[in-house]
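Notes follow the structure.
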Amino acid sequence: MLTSISAHSITAEQYQKLYRTGSNMEYNFTQIEPKWQDKWKDDGIYKVNIDPSKPKYYVLDMFPYPSGAGLHVGHPLGYIASDIVSRFKRLKGYNVLHPMGFDAFGLPAEQYAIEHGIHPKKSTETNISNFIAQLTKIGFCYDWDREVRTCEPAYYKWTQWIFLRLFNSFYNRQQQKSIPITELIKAFENKGNADHICPGDNSIHFTAAEWKAYTEKEQQDILMHYRLAFCGYGEVNWCEALGTVLANDEVVNGVSERGGHPVVKKKLRQWYLRITEYADRLLTGLDTIEFSEAMKEMQTNWIGKSSGAEISFELRAMSHEQKNGSQLTAHSSQLLVYTTRPDTIFGVDFMVVAPEHELIEKITTAEQKEAVETYITYVKSRSDRERQAEKKITGCFTGAYAINPFDGREIPVWISEYVLAGYGTGAIMAVPCGDERDFKFAQHFNIPVTNIIGDAFDGTEANATKDAILSNSDFLDGMKMRDAIEVVINKLEAMGIGKRKVNYKMRDAAFSRQRYWGEPFPIVWKDGIAYPLDESQLPLELPDVESYSPGPEGEGPLANIPEWTNQFSEKGVLETNTMPGYAGSSWYFLRYMDPHNDKTFCDRTISDYWNQVDLYIGGTEHAVGHLLYSRMWTKALYDLGHIGFDEPFRKLLNQGMIQGSSRFVYRVQFKNIDEVFKTGDITGGATIFIPENDYHKLIEISVNDNKGRIDYLKNKYPSSKVISNAGNAISVTRLHVDVNIVDGYELNKDEFVKWRPEYANAEIILEDGKYICGSEVEKMSKSKFNTVNPDTLVEKFGADTFRMYEMFLGPVDQSKPWDTKGIEGVHRFLKKLWRLFFDETKGKIWTDAAPTAEELKVLHRTIKKIEDDTERYSFNTAVSGFMICVNELSDLKCHKKEILESLLILITPYAPHIAEELWQQLGNSGSVLNASYPLFNAAYVTETSKEYPVSINGKMRTSLTIALDATEEQVKEIVLANELVQKWMEDKPLKKLIFVKGKMINVVV
RNA sequence: GCCCCGGUGGUGGAACUGGUAGACACGCAGGACUUAAAAUCCUGUUCGCCGAAACGCGAGUACGGGUUCGAUUCCCGUCUGGGGCACCA
């Protein structure tokens, strides 16, 4: 019928169109996919509600920050994986919660607003719409009714509410949990703070009577030192360019994570979360959840627990009168140091205190005063970045001495920037023979080194061992260092000059930003006291303003809006900082459970049902930020009785990063040197593009050797007009070229010129008629022109192909470069699947005939394979399993409905659209999304015999088919009787025959 | 510097507890159908050697060694790529 149409009467395009629409038996994804997406949406098929009759399963993606750049192919990788798991669990009979939302507050939207004058609310909304459109096309099964946006007042009302809970709580160390601060006040009224060491300032001690005598301001200042969310002065990471404070995890190598701006230390009034109180539980909690070892290790390192001892040393300074004698005068102060190695106490040759240490002023002698001041000025002049970039050995002697409590030795006290004020006590005892840094310091300043570990110390390098035997150590002599630690701590405690101490590297988390686009703090200030707003006043909404310029130092833009800050003027002035990005993301997984509740953040009965997130999928970049904060918030909410579990994510799966595969062209431009001198611009002359090899050759020739470079090209390409007429100045550049206009590695010249019209007249040197681009694997980014947009792929191949191809690329948790080429293979597979149902000419070809044993074997082998692989997130091998199945069924010419129907259910999680279309075509009334997963029946796949590989001395020589129930004796007989086996045994006697049932046979001679 | 994780054909990758290395795809080569194109199908494809061919020989999972009847898999050393931490006493 089609062949009767004369090809000459219509264009090729028309012909193709006719051919396509003429046969609706072809796999037409452009029609199928939107159809089912709309239908599923209309039917509300992804709506989910509590159903106690079914087991629940909660699958969560890390919600995206809606950036203006939109999605590239790297983003959906994790979303596809979670979508597959959700659909799989649903078919398995679970009630599946699988929501999506947007982490919509944050710096970039505000930066964008400042630069382009578009309100962050507006740009955020636009970006979200784009994201949703992109996500929808891929066919994800989100229950969009549950969408949350952290920037919506209905959402951040509860972020503020939780903040107030944290503000109104403290961590009770006896009970190891957070409780309301009202309990603490009661305790203070009864007994003072004897039972509750002040976590913010452990020098605060008072009795019940004293407490009652304090003014309200004094009481509130003390309570602030206990609150889980508190305001205080502290050294913060101040970023001038962004005009805000950053948390430790937002600072990378001394510059801001976003934008790479310099960050300096500054003392400012800030809000904090007292996450350090949870350090130990955050650590032990790791044992109860399934995170990758790498992830657990990152968190463990970040928390940085170490145990040792605090030791206080008597201080003496040399007095003016006695400076010529050896006598030291007693000093009123004590120097408190922290060490993990109290066993090395007899090896202490000097003390080092941080430049910020408060004792410095007190203990510095008159002689050293000037040197110390000079040194401190120097340290202050150095930024964090400088400190990290060049680690110089610097320091200054204070003139003071500490006394070793065991042998009375006088130990000089130094100042150095290598000791950090914020860790331990900000002072250390230096043991140069056992610590690399101490050793280098001692060498640099010629401080004599005491050896307490005998041969283990060679005088040229410190040895940090714990296994050496101590010498020169008085009562510890002959003891193993490891054992001596306990002995020393016990003795220090008995003497009352030291105690066991655990320290953490983790600091309290900075929780305020001097920004507009974030949650306002529900706090008013009056007479220096912070008062929480009443719950009924929440949400405290952001004012709608035009300007976002920073307020006065340390205050946010909100400080410029008095009508907003004074809206509760009878109570006080509103806090002008806003909360950081991680506030909203610390609890969003709870809001999804009960997204429209305006009575509470999440009803307890509902959170009891959905409980923990069973599977959380996202990148590793949140290892020490979001994942730690949300764990802490969960623990706090649990302690306060608002939820019934204290870890948010039962299992975490980290998807790998999809890298870009960049393409390069190699540009050479010629100009006359006179012109270059005149204009200073070498570019813009006659242009050629050369092959990669030539580029590398040219690069080897010196940049200044214009003649050498041009001669090389003239020799290589004598026929090139451009080169023979070239100017005498040359510039050679490697340029990124858009991967989307390169076919594999071959440059498409027309597309290239269309993309970069300025090169329309350039000469492109071809090899074998082609220009082959250079390539490199890099991070996917717009500026490198290596991004691939999922939309174009979905348009060209369909969502099902796209989904399966992303999975087929390799293991989800592995990083890999994107390569569009292979997508054709997956597309072919889906067409092949389609052809099991439809024939181009015959149309429907499925039958109701009973399947053969062979066909059932193929099906059930596939059921097992897909089920196992999906269960262990091995999606790439599952896709290959589908391919094998379809290949085999095609070979068997199997068009049996019974087989095909089960196969459709299996493939639903991976390619839902084609599955639904064919499912309906088969005549099923309900949706395939609600089908029930086929049951694996081992009986269909059991074999009676097996083709055993037979090795002689471990080398595979032949294979023999033997019944599976054969005994070892029978096998031996069969094997030895075999001709080939005999040949390879070469008449040597049999030493041993190894027979592993169902696996292999090895003949040892 | 310290700590983790990797290294398998031309490419992405497979081999789940030590048991036939290279599944499944891409690419490439050849062929069929077609006036042609698209689509589809078939054959071959780790490397080297012999050969008309083989169910012929040898080597082979970064490299060198070890354990084992047998190692991509376990152990030791070296090289190399990626990630994390980085004065935390």
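Chain identifiers are assigned alphabetically (A, B, ...) following the order of the sequence lines, protein sequences preceding nucleic acid strands; residue numbering begins at 1 within each chain.
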Inset, instruction - Test side-chain contact (heavy atoms from CB on, under 4.5 Å) on A/Lys857 and A/Glu943 and set out the steps. - result: CA-CA 10 Å; A/Lys857 190 191 276 183; A/Glu943 309 267 353; 3.4 Å; yes
Inset, instruction - State whether a side-chain donor-acceptor pair under 3.5 Å links A/Thr877 with A/Asp869. - result: yes
Legend entry - A/Phe829 CZ to B/rA23 C1', straight-line distance once rounded to whole Å: 15 Å
Inset, instruction - Applying salt bridge (Lys or Arg N to Asp or Glu O under 4.0 Å), run through A/Glu417 and A/Lys392 and close with a yes or a no. - result: CA-CA 9 Å; A/Glu417 57 181 330; A/Lys392 287 193 281 192; over 6 Å; no
Legend entry - Nearest-Å distance for atom pair CG/P, residues A/Asn28 and B/rA38: 21 Å
Inset, instruction - Answer yes if the side chains of A/Asn887 and A/Lys832 hold a donor-acceptor pair under 3.5 Å, and no otherwise. - result: yes
Legend entry - Nearest-Å distance for atom pair CG/C1', residues A/Leu960 and B/rU20: 13 Å
Legend entry - Under 3.5 Å on both distances, the Watson-Crick or G-U partner of B/rA54: none
Inset, instruction - Output yes when at least one side-chain N/O atom of A/Thr620 is less than 4.0 Å from OP1 or OP2 of B/rG84, else no. - result: no
Inset, instruction - Give the nucleotide from the list B/rC69, B/rC57, B/rA89 with an atom nearest to the side chain of A/Trp984. - result: B/rC57
Inset, instruction - Could you measure between the two C1' atoms, the one in B/rA15 and the one in B/rU73, and give it in whole Å? - result: 10 Å
Legend entry - Spacing of the P atoms in B/rG44 and B/rA54 (rounded, Å): 11 Å
Inset, instruction - Tell me whether the OP1 or OP2 atom of B/rC4 has a side-chain N or O from A/Asn301 closer than 4.0 Å. - result: no
Inset, instruction - May I ask you to check whether A/Phe441 and A/Phe350 place their ring centers less than 6.0 Å from one another? - result: yes
Inset, instruction - Using the P atom as the reference point in each nucleotide, state the distance between B/rA59 and B/rU72 in Å, no decimals. - result: 13 Å
Inset, instruction - Round to the nearest Å and state the distance from A/Lys991 atom NZ to B/rU68 atom P. - result: 12 Å
Inset, instruction - Please state the C1' separation for the pair B/rC41 and B/rC49 - nearest whole angstrom. - result: 34 Å
Legend entry - A/Leu282 side chain reached by A/Met506 side chain, heavy atoms, under 4.5 Å: yes
Inset, instruction - Using only side-chain N and O atoms of A/Tyr418, determine if any of them is under 4.0 Å from OP1 or OP2 of B/rA89. - result: no
Inset, instruction - In whole angstrom, give me the gap between the P atoms of B/rA62 and B/rG9. - result: 8 Å
Legend entry - A/Leu903 side chain near A/Phe882 side chain, heavy-atom distance below 4.5 Å: yes
Inset, instruction - Identify the nucleotide, in any strand shown, that forms a Watson-Crick or G-U wobble pair with B/rG1, with both distances under 3.5 Å; if there is none, say none. - result: B/rC85
Legend entry - Any A/Lys831 side-chain nitrogen or oxygen under 4.0 Å from OP1 or OP2 of B/rU40: yes
Inset, instruction - Pick base, sugar-phosphate or nothing for A/Ser306, based on heavy-atom distances below 4.0 Å to the nucleic acid. - result: sugar-phosphate
What N/O pairs connect the protein and nucleotides 14-18 of chain B at under 3.5 Å? Give each pair on its own line.
residue: B/rA14; atom: OP1; partner: A/Asn876; partner atom: ND2; Å: 3.0

Legend entry - B/rU40 and B/rU34, which share atom name C1', separated by this distance in whole Å: 11 Å
Inset, instruction - With P as the reference atom in both, quote the distance from B/rC28 to B/rU78 in angstrom, rounded to an integer. - result: 43 Å
Inset, instruction - Identify, with sequence neighbours excluded, every residue that meets salt bridge (charged side-chain N to carboxylate O under 4.0 Å, His left out) alongside A/Glu621. - result: none
Inset, instruction - May I ask you to establish whether A/Lys864 and A/Phe936 are in a cation-pi arrangement, using a distance under 6.0 Å from NZ or CZ to the six-membered ring centre and at most 45° from the ring axis? - result: yes
Inset, instruction - Using a heavy-atom cut-off of under 4.0 Å over every strand shown, decide if A/Ile884 touches base, sugar-phosphate, or nothing. - result: sugar-phosphate
Legend entry - Whole-Å gap separating P (B/rA86) and CD1 (A/Ile303): 14 Å
Inset, instruction - Could you check whether A/Lys816 gets within reach of a base, just the sugar-phosphate, or nothing at all, counting any heavy atom under 4.0 Å? - result: sugar-phosphate
Find every protein N or O atom lying less than 3.5 Å from an N or O atom of nucleotides 28-33 of chain B, and list the pairs.
none

Legend entry - No-hydrogen, no-angle side-chain donor-acceptor test under 3.5 Å, A/Thr276 and A/Asp508: yes
Inset, instruction - Write down the partner of B/rA36 under the Watson-Crick or G-U wobble criteria, each distance required to be under 3.5 Å. - result: none
Inset, instruction - Can you tell me the pairing partner of B/rC74 across any strand shown, Watson-Crick or G-U wobble, with both distances under 3.5 angstrom? - result: B/rG66
Legend entry - Nucleotide nearest A/Tyr338 (side chain, heavy atoms from C-beta), chosen from B/rA89, B/rC24, B/rG19: B/rA89
Inset, instruction - From the options B/rC24, B/rG19, B/rC41, select the nucleotide whose nearest atom is closest to the side chain of A/Ser880. - result: B/rC24
Legend entry - Interatomic distance where NZ belongs to A/Lys779 and C1' belongs to B/rG82 [whole Å]: 14 Å
Legend entry - B/rU67 versus B/rC76 - spacing of their P atoms, nearest Å: 15 Å
Inset, instruction - Ignoring backbone atoms, establish whether A/Arg828 has a side-chain N or O less than 4.0 Å from OP1 or OP2 of B/rC41. - result: no
Inset, instruction - Write down the distance between CG (A/Leu830) and P (B/rA39), rounded to a whole number of angstrom. - result: 16 Å
Inset, instruction - Check every atom of B/rC4, B/rA89, B/rA23 against the side chain of A/Val419 and return the nucleotide holding the closest atom. - result: B/rA89
Legend entry - Flag for A/Ser662-A/Asn786: side-chain donor and acceptor within less than 3.5 Å: yes
Legend entry - A/Met956 side-chain proximity, nearest of B/rA23, B/rG19, B/rU20: B/rU20
Legend entry - Stepwise side-chain contact (heavy atoms from CB on, under 4.5 Å) test for A/Tyr27 and A/Arg835: CA-CA 8 Å; A/Tyr27 171 42; A/Arg835 285 200 306 273; over 6 Å; no
Inset, instruction - Report the C-alpha distance between A/Lys865 and A/Asp868 in whole Å, list the side-chain angles of each, state the deciding distance to 0.1 Å, and finish with yes or no for salt bridge (Lys or Arg N to Asp or Glu O under 4.0 Å). - result: CA-CA 5 Å; A/Lys865 167 92 179 149; A/Asp868 286 356; over 6 Å; no
Inset, instruction - Find the partner of B/rG6: check Watson-Crick (N1-N3 plus N6-O4 or O6-N4) and G-U wobble (N1-O2, O6-N3) distances, both under 3.5 Å, and reply none if neither fits. - result: B/rU80
Inset, instruction - Could you tell me whether A/Asn887 contacts a base, only the sugar-phosphate backbone, or nothing, with contacts defined as non-hydrogen atoms closer than 4.0 Å? - result: sugar-phosphate
Inset, instruction - Scan A/Arg957 against the nucleic acid and name what it touches under 4.0 Å (heavy atoms): base, sugar-phosphate only, or nothing. - result: sugar-phosphate
Legend entry - 5' priority, RNA chain B, between A/Lys305 and A/Pro949 [closest heavy atom]: A/Pro949
Inset, instruction - Report the nucleotide, chosen from B/rG70, B/rG58, B/rA89, that has the shortest atom-to-atom distance to any side-chain atom of A/Thr339. - result: B/rA89
Inset, instruction - Report the glycosidic orientation of B/rG9: syn if within 90° of 0, anti in every other case. - result: syn
Inset, instruction - Using heavy atoms to find the nearest nucleotide of RNA chain B for A/Gly881 and A/Asp435 separately, return the residue whose nucleotide is more 5′. - result: A/Gly881
Inset, instruction - To the nearest Å, give me how far apart OH (A/Tyr948) and C1' (B/rC55) are. - result: 21 Å
Inset, instruction - Nearest 0.5 Å please: distance from the CG atom of A/Leu836 over to the CD1 atom of A/Ile845. - result: 7.0 Å
Inset, instruction - Would you mind pulling out the nucleotide paired to B/rG27, Watson-Crick or G-U wobble, both distances under 3.5 Å? - result: B/rU45
